[in-house]
Number of protein chains: 2
Amino acid sequence: MKRHIYDCQAGCPVESTLQIIAGKWKSVILYHLFVDHNCHFSDLERKIKDCSHRMLAIQLAELEHDQVIAKIPTNTANRPIYVLTEFGKTLKPVITAMATWGDYYNAHMTKEAQQLDTNEDKKSKLDMPLPKPNLL
Amino acid sequence: MKRHIYDCQAGCPVESTLQIIAGKWKSVILYHLFVDHNCHFSDLERKIKDCSHRMLAIQLAELEHDQVIAKIPTNTANRPIYVLTEFGKTLKPVITAMATWGDYYNAHMTKEAQQLDTNEDKKSKLDMPLPKPNLL
DNA sequence: CTGAATCCCTTAAGATACTG
DNA sequence: CAGTATCTTAAGGGATTCAG
């Protein structure tokens with residue numbers, strides 16, 4: 001796997017966090033688990049449409065290995081549910097901050113897209129500063 | 001570059017955030033800019049030792065393209081400083097949450113490493129729940 | 001010092017098929 | 001349904017060189 005690319009000893013706490021959540025879909029998976037608390041594999045597959053079956057399995061396995069999530073067997077054979085561990089729950093502020101910013105960003109981008117004539121006055125009314133609408 | 005892999009319209013705000021900060025070193029760069037406010041290329045190179053010259057240039061270019069940071073010319077020719085834009089500054093809660101968690105995690109891991117006999121009682125005294133010390 | 005360009009190897013990740 | 005395995009292609013990323 002070779003995921004431990006960051007030098008956590010170097011004093012940058014952000015690198016330590018990335019060690020755990022830097023996977024392409026990990027923070028998205030965690031977001032959905034914070035919303036839904038427990039999900040089957042297929043639930044996540046449906047929620048995260050751009051993540052392939054294979055990738056979802058890999059990301060879940062890594063999160064489980066890092067003890068961020070746990071796989072809990074159910075009476076329905078071979079259909080476990082995924083839940084956040086106590087450790088995983090400590091990541092809530094991180095995921096929440098990301099979700100909050102994303103909502104903010106989406107709202108801003110929607111507004112930008114609507115007002116085609118974006119002059120300075122109108123821009124100043126937006127709640128998020130700046131970025132020009134050529135981004136998406 | 002093909003970085004717009006996330007479906008921001010699908011209603012997952014975390015994916016929108018990843019669109020901007022998912023680069024391998026972007027959040028680390030932003031962290032250092034939040035701490036130091038403005039840096040030369042070589043400052044960042046020194047702070048982020050595991051990020052190669054080439055990668056740093058690429059990540060900075062993408063952040064600049066996304067208008068998260070800006071390159072400001074100085075009187076010293078060809079030696080601009082990098083600063084956060086107003087838009088980039090809105091990411092502060094996200095980066096701060098990551099940094100806070102990373103500090104927390106590092107402190108926990110240090111404690112775990114120190115107490116070799118980790119029985120349940122001692123574990124319960126840690127401020128972060130769980131993960132076994134076999135992780136790093 | 002910056003930063004773009006080239007070369008070249010490694011890793012990521014989609015598609016598909018297969019197993020319990 | 002959940003998960004693994006293989007095969008293949010594209011992207012990532014280091015080392016080095018070159019230019020402003």
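Residue numbers begin at 1 in each chain, while the letters A, B, ... track the order of the sequences.
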Fill in: Non-neighbouring partners of T96(B) that pass side chain to side chain contact (heavy atoms under 4.5 Å, CB included), sequence neighbours left out
K92(B), T100(B)
Discussion item. Measure CG/D43(B) against C1'/dT2(C) and give the value in whole Å, please.
Written reply: 13 Å
Item to complete: Send over the distance from E64(B) CD to dG3(C) C1', rounded to a whole Å.
Response: 11 Å
Worksheet item: Among dA2(D), dT4(D), dT2(C), which nucleotide sits nearest the side chain of F41(B)?
Response: dT2(C)
Practice prompt. Return the minimal non-hydrogen interatomic distance between P13(B) and Y31(A), and the atom names on each side.
Written response: CD-OH, 3.4 Å
Practice prompt. Could you tell me the separation between the CD1 atom of I29(B) and the P atom of dG3(C), rounded to a whole number of Å?
Written response: 12 Å
Worksheet item: Any idea which of dG3(C), dG3(D), dC1(D) is nearest the K71(A) side chain?
Response: dG3(D)
Worksheet entry | For N78(A), side-chain hydrogen bond (donor to acceptor under 3.5 Å, both in side chains) partners two or more places apart | none
Fill in: Nearest-Å distance for atom pair CD1/C1', residues I81(A) and dA2(D)
14 Å
Worksheet entry | Under-4.0 Å side-chain N/O to phosphate OP1/OP2 contact, R79(B) with dT2(C) | yes
Worksheet entry | Residue list, side-chain hydrogen bond (donor to acceptor under 3.5 Å, both in side chains) with R46(A), at least two apart or on another chain | D43(A)
Worksheet entry | side-chain hydrogen bond (donor to acceptor under 3.5 Å, both in side chains) partners of K71(B), counting only residues at least two apart | none
Discussion item. Minimum heavy-atom separation for I29(B) and Q59(B), please, with both atom names.
Written reply: CD1-CB, 3.7 Å
Discussion item. Do V94(A) and L30(A) have side chains that approach each other closer than 4.5 Å (heavy atoms only, starting at C-beta)?
Written reply: no
Discussion item. Tell me the bend of the helix from dC1(C)-dG20(D) to dG20(C)-dC1(D) as the angle between end helix axes, each from five pairs, rounded to the nearest 10 degrees.
Written reply: 40°
Name each donor-acceptor pair under 3.5 Å that joins a side chain in residues 32-40 of chain A to protein atoms two or more places apart or in another chain, with its distance.
residue : atom : partner : partner atom : Å
D36(A)  : OD2  : K47(A)  : NZ           : 2.3
H40(A)  : ND1  : P80(A)  : O            : 3.2
H40(A)  : NE2  : R79(A)  : NH1          : 3.4

Discussion item. Does dA2(D) have its OP1 or OP2 closer than 4.0 Å to a side-chain nitrogen or oxygen of S42(A)?
Written reply: yes
Discussion item. Using the side-chain hydrogen bond (donor to acceptor under 3.5 Å, both in side chains) criterion, which residues pair with E45(B)? Sequence neighbours excluded.
Written reply: H53(B)
Worksheet entry | Euclidean distance, atom CD of residue E45(B) to atom P of dT2(C) [Å, nearest integer] | 8 Å
Worksheet item: Roughly, in whole Å, what's the span from NZ in K26(B) to C1' in dG12(D)?
Response: 13 Å
Worksheet item: What string of B, S and - do you get for nucleotides 13-20 of chain C, 5' to 3', when a contact is any protein heavy atom under 4.0 Å?
Response: BBB-----
Worksheet entry | Contact under 4.0 Å: Y82(B) side-chain N or O vs dC1(C) OP1/OP2 | no
